[in-house]
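Along the sequence shown, residues are numbered consecutively beginning with 1.
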Amino acid sequence: MLEVPILANKVVLVVGASAGIGAEAARVLAADGAKLMLVARNEEPLAKIAAEINAAYRVGDVSRAGDVAAFVQATVDHYGRLDGAFNNAAMGQAGRLDQVPEEEFDRIMAVNVKGTWLCLREEVKAMTGGGSIVNVSSIGGLRGSSGMGAYQATKHAVIGLTRTAAHDFGPLGIRVNVIAPGPTETPMLAQTRLAIPGGVEARIAATPLRKAGTGAEVGAVASFLLSDRASHLSGVVLPVDGGFSA
């Protein structure tokens, strides 16, 4: 007997899907049977991913309430419902806290923190029959280190939002969990390598598995959390970091 894919017939919104973890996770979710709506700011790479995996897509900026409401509603209009969401949109940052320009600080907070909150707010409205939301933080949301303070502050905040959301929305049948990736081979990691020479390699050397992760590995964990196999998991902070945080 053929095994049914774990996300068969699940409608899942993937936010931040044009590159990196979001794009790789979208490929995994599609392979696991999900019907996907992909969202990102940059249309050209987003459209290519959507065509590759036969997904719908919308262009939008998570820091704008109108955009978020529009792409969540577009998902419901297209598929008839929303069962799950993978909130991955984020921007990186490097530099000592006292050297971060105010405009950059405001922008990273708007995308990483406000954007996650706006997505949560609209997604729970659409999940009338319950559902599962997976946010993306970072191992930088579990501890501090030099050179990425503003980014790490946002990732701590995403964990706080997730834990509170698990309490707020659990009675509605909505599970909310958060993945905390370690160094993961993405364009953002490449930028970090340039901004903090030796920093990424030092973290990988301190990782028990002695390697960076991949977006597909993060996507596989997201697929599990979005599936009914994780039906009694909510409020969980799950590191996907090769043992770095052990």
| query | Nearest 0.5 Å, what's the CG-SG distance between Leu13 and Cys119? | reply | 7.0 Å
| message | Going by side chain to side chain contact (heavy atoms under 4.5 Å, CB included), name the residues that satisfy it together with Ala8, two or more places apart in sequence or in a different chain. | response | Val4, Pro5
| Between Leu29 and Gly219, which heavy-atom pair has the shortest distance, and what is it? | CD2-O, 4.2 Å
| message | With clusters defined by side-chain heavy atoms of hydrophobic residues (ILVMFWY) lying less than 4.5 Å apart, directly or transitively, does Val221 cluster with Phe86? | response | yes
| message | Is there a path of hydrophobic side-chain contacts, each under 4.5 Å between heavy atoms, that joins Met91 and Val62? | response | yes
| message | Quick one: does any side-chain atom of Ser223 pair with a main-chain N or O of Ala220 as donor and acceptor, under 3.5 Å? | response | no
| request: With sequence neighbours excluded, give me every side-chain hydrogen bond (donor to acceptor under 3.5 Å, both in side chains) pair touching residues 157-171. | output: Asn135-Thr162
| query | Any salt bridge (Lys or Arg N to Asp or Glu O under 4.0 Å) pairs touching residues 225-242, not counting sequence neighbours? | reply | Glu3-Arg229, Lys10-Asp228
| field | Single-linkage hydrophobic cluster Val113~Val111, side-chain heavy atoms < 4.5 angstrom | value | yes
| request: Using modelled atom types only, decide if a donor and an acceptor are shared between the side chain of Ser234 and the backbone of Val176 within a distance under 3.5 Å. | output: yes
| Is there a side-chain contact between Tyr151 and Ile108 (heavy atoms, below 4.5 Å)? | yes
| query | Could you walk me through whether Val14 and Val39 pass the side chain to side chain contact (heavy atoms under 4.5 Å, CB included) check? | reply | CA-CA 6 Å; Val14 181; Val39 174; over 6 Å; no
| Would a distance-only check, ignoring hydrogens and angles, find a side-chain to backbone donor-acceptor pair under 3.5 Å from Asn177 to Gly235? | yes
| task | List the atom of Leu225, the atom of Ser132, and the distance in Å for their closest heavy-atom pair. | result | O-OG, 3.0 Å
| query | What about Met37 and Val124, same hydrophobic cluster or not, with Ile/Leu/Val/Met/Phe/Trp/Tyr joined at side-chain heavy-atom distances under 4.5 Å? | reply | yes
| said: Going by the rule salt bridge (Lys or Arg N to Asp or Glu O under 4.0 Å), which residues pair with Arg81 if we only count those two or more places apart in sequence or in a different chain? | reply: Asp83
| remark: Across all chains, not counting sequence neighbours, the side chain to side chain contact (heavy atoms under 4.5 Å, CB included) partners of Ala153 are Met109
| message | Quick check: do Ile139 and Val240 have side-chain heavy atoms less than 4.5 Å from each other? | response | no
| task | State which residues pass salt bridge (Lys or Arg N to Asp or Glu O under 4.0 Å) with Glu52; sequence neighbours excluded, sorted by chain then number. | result | Arg27
| Where is the tightest heavy-atom contact between Gly84 and Leu226, given as atom of each residue plus distance? | CA-CD2, 4.1 Å
| field | From CD1 (Ile159) to OG (Ser137), nearest 0.5 Å | value | 3.5 Å
| message | Within this structure, what is the CG-OG1 distance for the pair Asn112 and Thr154, rounded to the nearest 0.5 Å? | response | 4.0 Å
Residues 204-213, side-chain donor-acceptor partners within the protein, below 3.5 Å, at least two apart:
residue: Thr207; atom: OG1; partner: Arg203; partner atom: O; Å: 2.8
residue: Arg210; atom: NH1; partner: Thr207; partner atom: O; Å: 2.8
residue: Lys211; atom: NZ; partner: Glu217; partner atom: OE1; Å: 3.3
residue: Lys211; atom: NZ; partner: Glu217; partner atom: OE2; Å: 3.2

| note | OH of Tyr57 to CG of Leu36, rounded to nearest 0.5 Å, is 15.0 Å
| request: List in chain and number order the residues that pass salt bridge (Lys or Arg N to Asp or Glu O under 4.0 Å) with Glu44, two or more places apart in sequence or in another chain; answer none if no residue qualifies. | output: Lys48
| said: If the condition is salt bridge (Lys or Arg N to Asp or Glu O under 4.0 Å), which residues does Asp61 pass it with, not counting sequence neighbours? | reply: Arg64, Arg107
| remark: Residues Val158 and Val136: closest non-hydrogen pair is CG1-O, 3.8 Å
| request: With rounding to the nearest 0.5 Å, note down the distance linking CG in Leu238 to OG in Ser245. | output: 9.0 Å
| Pairs involving residues 108-130, ordered by first then second residue, that meet salt bridge (Lys or Arg N to Asp or Glu O under 4.0 Å) (sequence neighbours left out) | Glu122-Lys125
| message | Please check if the number of heavy atoms outside Tyr79 that lie under 6.0 Å from its OH is greater than 12. | response | yes
| Is Phe169 linked to Val72 within one hydrophobic cluster, defined over Ile, Leu, Val, Met, Phe, Trp and Tyr using a side-chain heavy-atom separation of less than 4.5 Å? | yes
| query | Do you know the tightest heavy-atom contact between Ala30 and Ile53? | reply | CB-CB, 3.9 Å
| field | Expected output: side-chain Glu24 to main-chain Ala26 donor-acceptor under 3.5 Å | value | no
| Considering residues at least two apart in sequence or located in another chain, which fulfil the side chain to side chain contact (heavy atoms under 4.5 Å, CB included) criterion with Pro171? | none
| note | Here the pair of heavy atoms bringing Gly60 nearest to Phe71 is CA-CD2, 4.4 Å
| message | Going by salt bridge (Lys or Arg N to Asp or Glu O under 4.0 Å), name the pairs with one or both residues in residues 134-158, residues two or more places apart or in two chains. | response | none
| task | Measure the shortest side-chain to side-chain distance between Asn87 and Val134 over non-hydrogen atoms and say whether it is less than 4.5 angstrom. | result | no
| Between Ile133 and Met127, is a side chain to side chain contact (heavy atoms under 4.5 Å, CB included) present by the stated rule, with each step listed? | CA-CA 10 Å; Ile133 297 172; Met127 291 180 175; 3.6 Å; yes
| said: Distance check, rounded to the nearest 0.5 Å: Ser138 atom OG versus Ile179 atom CD1? | reply: 12.0 Å
